[in-house]
Amino acid sequence: MSQKPTQMLASTFATYPAAAAAARRRGPIRWRLPFCSQIVTVTLRRRFPMARLSITNALASQSLESAPAAPPKHSFPILVNSCTGKMGKAVAEAAVSAGLQLVPVSFSAIEVPDGKVEICDREIYIRDPSEGESILPSIAKDYPDMIVVDYTVPDAVNANAELYCKLGLPFVMGTTGGNRQLLHKTVEDANVYAVISPQMGKQVVAFLAAMEIMAEQFPGAFSGYKLEVMESHQATKLDISGTAKAVISCFQKLGMSFNLNEVKQVRDPQEQLTLVGVPEEHLSGHAFHMYHLTSPDETVSFEFQHNVCGRSIYAEGTVDAALFLHKKIQSGANKKLYDMIDVLREGNMR
């Protein structure tokens, strides 16, 4: 009899205790401020007096000592929308680390103390999303060659993209959801430079690309095999992983019959600790996936596994996408719409 997904995972760690031990030997990480990443369920923040300040004045109020000069190699401005979310904050930190110029403005409906957040010793003023159309033109004027990075919420994807395109602002869309077909059409019609990808982790994207190549070149290679899928994410993620869906689609092309309702979703923190082996410090932000394949006579099995702790892989990939897009803009590339596969093919990632 083949094992259940939970039994399968438990036996895997029992057989390879070093793997489970390695997952728990990770050193403690520096905790980030607990900003909430869901901005559609909160009430709009009150307008603060600083809302009447111009972008130029906001910049002038910042200490030059707190904003060291960026290395000339990557000297272009980047606006992260929104810095109040965990993912946006991680991208902003990665951008500063890469030497990019972080624009001191972001948009969010989350109310924050004094209407601003601090990232890498830089003050980022938070404006309400409804002010975007009136404020972004002046920001773009103050920051030529600016690229916008979007990590907001699924419901805002299409409206945000329409605004960026209307203003002619190049952007990297890391937010998932929305009407993706409409999103691509909006960018193509506006002829604006953009990188759009629901998965920004470079290595994960490479794995997905390899799976797609295998599925295209060897259709039916695993006909008759049984597929079991387990994915573990933080408790706040209620839907099935988009990455898991993409991998399952490849396995289906390889000949396996599988329904998405068969995916084993692990969201209980205790089960994630004891069964999956998620480090305790990453319970609030991780993405563990395991795909187990068994032959019809159960004499052959394969396992594919990819585990992500934290958000750094996505943040670094997003910065690489921004660097890639800046290069395309500077070179006057004819193609305007890209995805992370294009970024990978460029081959000059950090």
Side-chain angles (χ1 to χ4, degrees), residues 39 44-64 66-70 74-85 88-89 91-92 95-96 99-153 156-175 186-187 189-195 318-319 321-323 325-326 328-330 336:
I39 70 172
L44 293 178
R45 63 175 179 81
R46 294 172 53 193
R47 294 181 179 230
F48 293 92
M50 58 72 57
R52 290 188 290 273
L53 292 173
S54 70
I55 301 306
T56 303
N57 288 339
L59 278 176
S61 68
Q62 296 188 85
S63 169
L64 292 177
S66 67
H74 302 318
S75 182
F76 67 88
I78 184 170
L79 187 154
V80 181
N81 187 23
S82 165
C83 286
T84 57
K89 184 172 183 288
V91 171
V96 171
L100 303 185
Q101 181 183 8
L102 187 61
V103 175
V105 181
S106 188
F107 296 88
S108 174
I110 291 180
E111 182 176 343
V112 296
D114 300 321
K116 59 187 177 182
V117 296
E118 186 173 297
I119 297 176
C120 299
D121 298 323
R122 292 156 171 79
E123 291 183 336
I124 309 298
Y125 289 90
I126 307 302
R127 310 299 291 263
D128 191 88
S130 63
E131 300 176 278
E133 188 166 358
S134 61
I135 294 177
L136 274 173
S138 64
I139 298 176
K141 183 178 179 180
D142 289 341
Y143 294 91
D145 301 324
M146 180 180 73
I147 290 178
V148 179
V149 169
D150 191 292
Y151 275 102
T152 53
V153 292
V157 165
N158 294 107
N160 286 351
E162 288 174 5
L163 177 58
Y164 305 148
C165 288
K166 179 180 179 180
L167 300 176
L169 296 175
F171 67 94
V172 176
M173 179 61 72
T175 312
T186 298
V187 175
D189 291 346
N191 201 31
V192 169
Y193 284 98
V195 174
T318 302
V319 171
L323 294 169
L325 195 61
H326 177 71
K328 293 300 180 184
I329 295 171
Q330 295 303 307
K336 300 293 183 70

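Computed from a predicted model, the values in this text were never measured in an experiment. Throughout, numbering of the chain's residues begins at 1 and tracks the sequence.
- Counting all heavy atoms, side chain and backbone alike, K328 lies closest to Y193 at O-OH, 3.9 Å.
- Taking the six-membered ring for Trp and thresholds of 30 and 60 degrees, F171 and Y164 have ring planes inclined between 30 and 60 degrees apart.
- Legend: residues meeting ring pair (Phe, Tyr, Trp, His ring centres under 6.0 Å) with Y151, ordered by chain and number and at least two apart, are absent.
- Going from atom OG1 of T84 over to atom CD1 of I119 covers 9.0 Å, rounded to the nearest 0.5 Å.
- Scanning all heavy atoms of the two residues, the minimum distance from I78 to A95 falls at CG2-CB, 3.9 Å.
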Review point. What do the steps show when you test D142 against I139 for side chain to side chain contact (heavy atoms under 4.5 Å, CB included), and what is the final call?
Key: CA-CA 5 Å; D142 289 341; I139 298 176; 5.8 Å; no
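- K336 pairs by the salt bridge (Lys or Arg N to Asp or Glu O under 4.0 Å) definition with nothing, not counting sequence neighbours.
- The minimum heavy-atom distance linking K89 with C83 is given by the pair CB-O, 3.7 Å.
- Between L167 and P137, the shortest heavy-atom contact is CD2-CG, 3.9 Å.
- Contact record, A194 with V187: CB-CG1, 3.9 Å, taken as the closest heavy-atom pair.
- V319 and V91 get closest at one heavy-atom pair: CG2-O, 4.2 Å.
- Here E162 pairs with nothing under the salt bridge (Lys or Arg N to Asp or Glu O under 4.0 Å) rule; sequence neighbours left out.
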